Amino acid sequence: MNLVCYDTETTGLDLWGKDRMFSFSACDLEGKAEVYRLGRDEGAEEALRSLFNGDRSLICHNVKFDLKASLKHLQDWDLLDRISFHDTSLQSKILMNNHPNHKLKNLCFELAGFPKDDEEAIWKVMKGRNTMEDFSRVPEDLMDEYQKRDVQRCALLHRFFYPKIERDARLRDIYRSELDLIPTTIRMERRGSMIDFGKAAELIFDLETWTEQARAAIIFEAGKDINPASQDHIRELLFNKLGLPVLKRTAKEGKESTSKDVLLELRDKHRVIDEILKFRSFSRGITTIRSYMDFADEEGAIHPDINTCGAITGRESCSKPNLQNVSKEGVLLNPFPIPARRIFRPRPGMVNFHIDYSGIEMRLLVHYAREPELIEVLNRDGDVHLPGTLAFYGDEYRGADKERKKVLRGAAKNMNFAVCYGAGPKKVAEGLGMGVNKGLKRYSQYKERFPKLVELNGTISSRVRKEGQIKTTFGRPIKLPRNMGYMGVNYLIQGTAAEILKRSQPRIDRYLRKATGDEAGILLPIHDELVIEYPIKMLRDAPEILGNVRDLMIDFSIFSVPLEVDIEISLNSWAEKKPYKLRLAS
DNA sequence: AAACACGGCGCG
DNA sequence: AAAGCGCGCCGTGTTT
């Protein structure tokens, strides 16, 4: 296939809104480049069309962006199914996950000494202008030269990276799955998640009232007009004026920390603490909800930017706005939550399904530890935290009432994780809440029963020291500093879970489009969860269709433990999710 | 005015 | 000697 490096220039980054492409450049792998400016160059439109309709494979750095810009201009989103492409940014992320930014210019400079000063002239020109992101105002000859350099950089990277991926079957598979996720993600962004402007405005109104009340209370306690948003002012109030104890210091500057966990400890020492917590939560809530409203289009839909490989572990990330951290109610240790999920709702005529992998973290820990008893428990769909609970608490658990059982199981569950992430006997004994001697004894009993689980951290840690990386079951390498072995287990679990969710999405996308004629579709991935929109008129078929989605999500034969999902449905808002049963219990 | 570092905090 | 980590985004305060 004919390989062509391709790069677009746009008036800005808001491609789902006001911005558009105004130019593009292309070159072959030898670096022979051409630049076209739409509306200036004869034949630009035709050249663009031939790039997308011909028998070509486009190579881009951040291909999602160039595809969005191009298909928006061509007004032909069906091309997503047909176009073949490469992405040098993804190649870099797979081969060197720990690179700090994967920027085109930096990579070419670092890998090949390709000078990166060619943009300076452009910035000089932009300096006097107030529309910073609008490159279409840069003099055309300068711009042409700059664009040529960029596609040539892309060619350089492809020639450097791609052979390394191509010659390793596992890397090839990972790369293929990453590329497969791109069109699926563009379709999600295009749909967008809906907010209710009225509800948002109401919420902001309430939050403003509560913020001002908290501000007034704090100023009253301070006895002077301070800014509650200023950490310096709060520090002065808490630790000088009121003389409260310093429980923690900040990492870089060693100042008295005023973080939430500190404030929660000091909560019963003075009534101003709660007012500070309220002020922080409510004022943050206002700016967050405002930003949601600002990002929404006329319909009320927010089209975020989903980065399919945004984290060093391979996780996805989300920005402008980040819809992966919409705050929710009912969180332990958050006394004044913002009910932001109430303003997110299904499109008219739709419901949302929220499908999350149940207990995927513990399942993968058991898989990687190869702990036989727990593998067996998972295979018969048992409670994976119960054996640990019994090992830690024994008869104390058996003889407890229902409420007490819940508490003990919760503590044991915590310690199951803690042990895997490297907690020592002392920490575990402490976490069990039973006195050190007894706790230490129970820890050693636990260790005898689940030796593999207890050894996991050490095993991975020494692998990190030796190899400077870990590999997920799929074969994705995740590099980390050799002296940071304690992070290995976390990277392994996070990276594997990410890959599972990422591989399930294109399958689901293809299936839903076929089964519902493009009516149902994914809206958002949230690390171990997918939000899906689904037409109300097809709800009768939902048990079957969601059942098939479930099957696609858990179909991974390479693990020694089974996967499972929980499904919830929301009709009115993301704050009102109800369990959804695939079929009536028989 | 813009860019940066920092602490802080929401989610997973 | 050690329960861990990943993001994006905000306001303050400082530097350029």
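So that the names make sense, note that chain A is the first sequence line, chain B the second, and so on, each numbered from 1. All values derive from a computational prediction rather than experimental measurement. Side chains are part of it too, since the values below use all heavy atoms of this structure and drop only hydrogens, waters and symmetry mates.
For the contact set between residues 257-284 of chain A and DNA chain B, defined by any heavy atom under 4.0 Å, the members are Ser257(A), Thr258(A), Ser259(A), Lys260(A), Arg280(A), Arg284(A). The stretch residues 469-493 of chain A has no heavy atom under 4.0 Å from DNA chain B, so no residue of it qualifies as close.
One can place CD1 of Ile338(A) at 14 Å from C1' of dC11(B), the figure rounded to the nearest angstrom. Rounded to an integer number of Å, the gap from CD1 of Ile312(A) to C1' of dG6(C) is 7 Å. As rounded to whole Å, 16 Å separates atom P of dG6(C) from atom NZ of Lys93(A). Protein atom CG of Asn457(A) is 11 Å distant from nucleotide atom P of dC5(C), rounded to whole Å. The NZ atom of Lys502(A) sits 16 Å away from the P atom of dG6(C) (whole-angstrom rounding). Atom CZ of Arg341(A) is separated from atom C1' of dC11(B) by 7 Å (rounded to the nearest Å). dC7(C) atom P lies 16 Å from atom CG of Asp305(A), rounded to whole Å.
With Tyr397(A) as the aromatic partner, Arg442(A) does not meet the cation-pi criteria of under 6.0 angstrom to the ring centre and within 45 degrees of the ring axis.
Using a 4.0 Å heavy-atom distance criterion, Val428(A) is classed as making no nucleic acid contact. Using a 4.0 Å heavy-atom cutoff across all strands shown, Ala423(A) reaches sugar-phosphate atoms only and no base atom.
Contact between the side-chain N/O atoms of Asn307(A) and the OP1/OP2 oxygens of dC7(C) is not found at any separation under 4.0 Å.
Residue pairs that meet the salt bridge (charged side-chain N to carboxylate O under 4.0 Å, His left out) test with at least one member in residues 303-314 of chain A, sequence neighbours left out, are Lys64(A)-Asp305(A), Lys68(A)-Asp305(A), Asp305(A)-Lys320(A). Sequence neighbours left out, not one pair with a member in residues 354-366 of chain A passes salt bridge (charged side-chain N to carboxylate O under 4.0 Å, His left out). For residues 278-289 of chain A, the salt bridge (charged side-chain N to carboxylate O under 4.0 Å, His left out) pairs, not counting sequence neighbours, are Glu275(A)-Lys278(A). Within the structure, side-chain hydrogen bond (donor to acceptor under 3.5 Å, both in side chains) pairs that include any residue of residues 331-342 of chain A comprise Glu329(A)-Arg342(A) (at least two apart or interchain).
When the options Arg215(A), Arg271(A), Lys241(A) are evaluated for a salt bridge (charged side-chain N to carboxylate O under 4.0 Å, His left out) with Glu221(A), the one that passes is Arg271(A).
Under the 4.5 Å side-chain criterion, counting only non-hydrogen atoms from C-beta, Met553(A) is in contact with Ile355(A).
Take Ser257(A) and apply the side-chain hydrogen bond (donor to acceptor under 3.5 Å, both in side chains) test, not counting sequence neighbours, and it matches Ser259(A). For Asp509(A), the salt bridge (Lys or Arg N to Asp or Glu O under 4.0 Å) partners are Arg187(A), not counting sequence neighbours. Every residue two or more places apart in sequence or in another chain was checked for a side-chain hydrogen bond (donor to acceptor under 3.5 Å, both in side chains) with Ser327(A), and none qualifies.
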Pair Tyr292(A)-Phe344(A), ring-ring contact (aromatic ring centres under 6.0 Å, His included): steps then yes or no | CA-CA 10 Å; Tyr292(A) 293 155; Phe344(A) 285 81; 5.2 Å; yes

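Taken to the nearest 0.5 Å, the OH atom of Tyr368(A) stands 5.5 Å off from the CZ atom of Phe559(A). One distance of note links OG1 of Thr472(A) with CD of Glu499(A); it measures 4.0 Å at 0.5 Å rounding.
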Exercise answer: donor-acceptor pairs, residues 478-492 of chain A side-chain atoms, under 3.5 Å, sequence neighbours excluded:
| residue | atom | partner | partner atom | Å |
| --- | --- | --- | --- | --- |
| Lys479(A) | NZ | Gln469(A) | OE1 | 3.3 |
| Arg482(A) | NH1 | Arg465(A) | O | 3.1 |
| Arg482(A) | NH1 | Lys466(A) | O | 2.4 |

Intra- and inter-strand pairing of DNA chain C, written as dot-bracket with Watson-Crick and G-U pairs under 3.5 Å and | for the latter, reads ....||||||||||||

Readout for nucleotides 10-16 of chain C: B = base within 4.0 Å of protein heavy atom, S = sugar-phosphate only, - = neither; 5' to 3' it is SSSS---

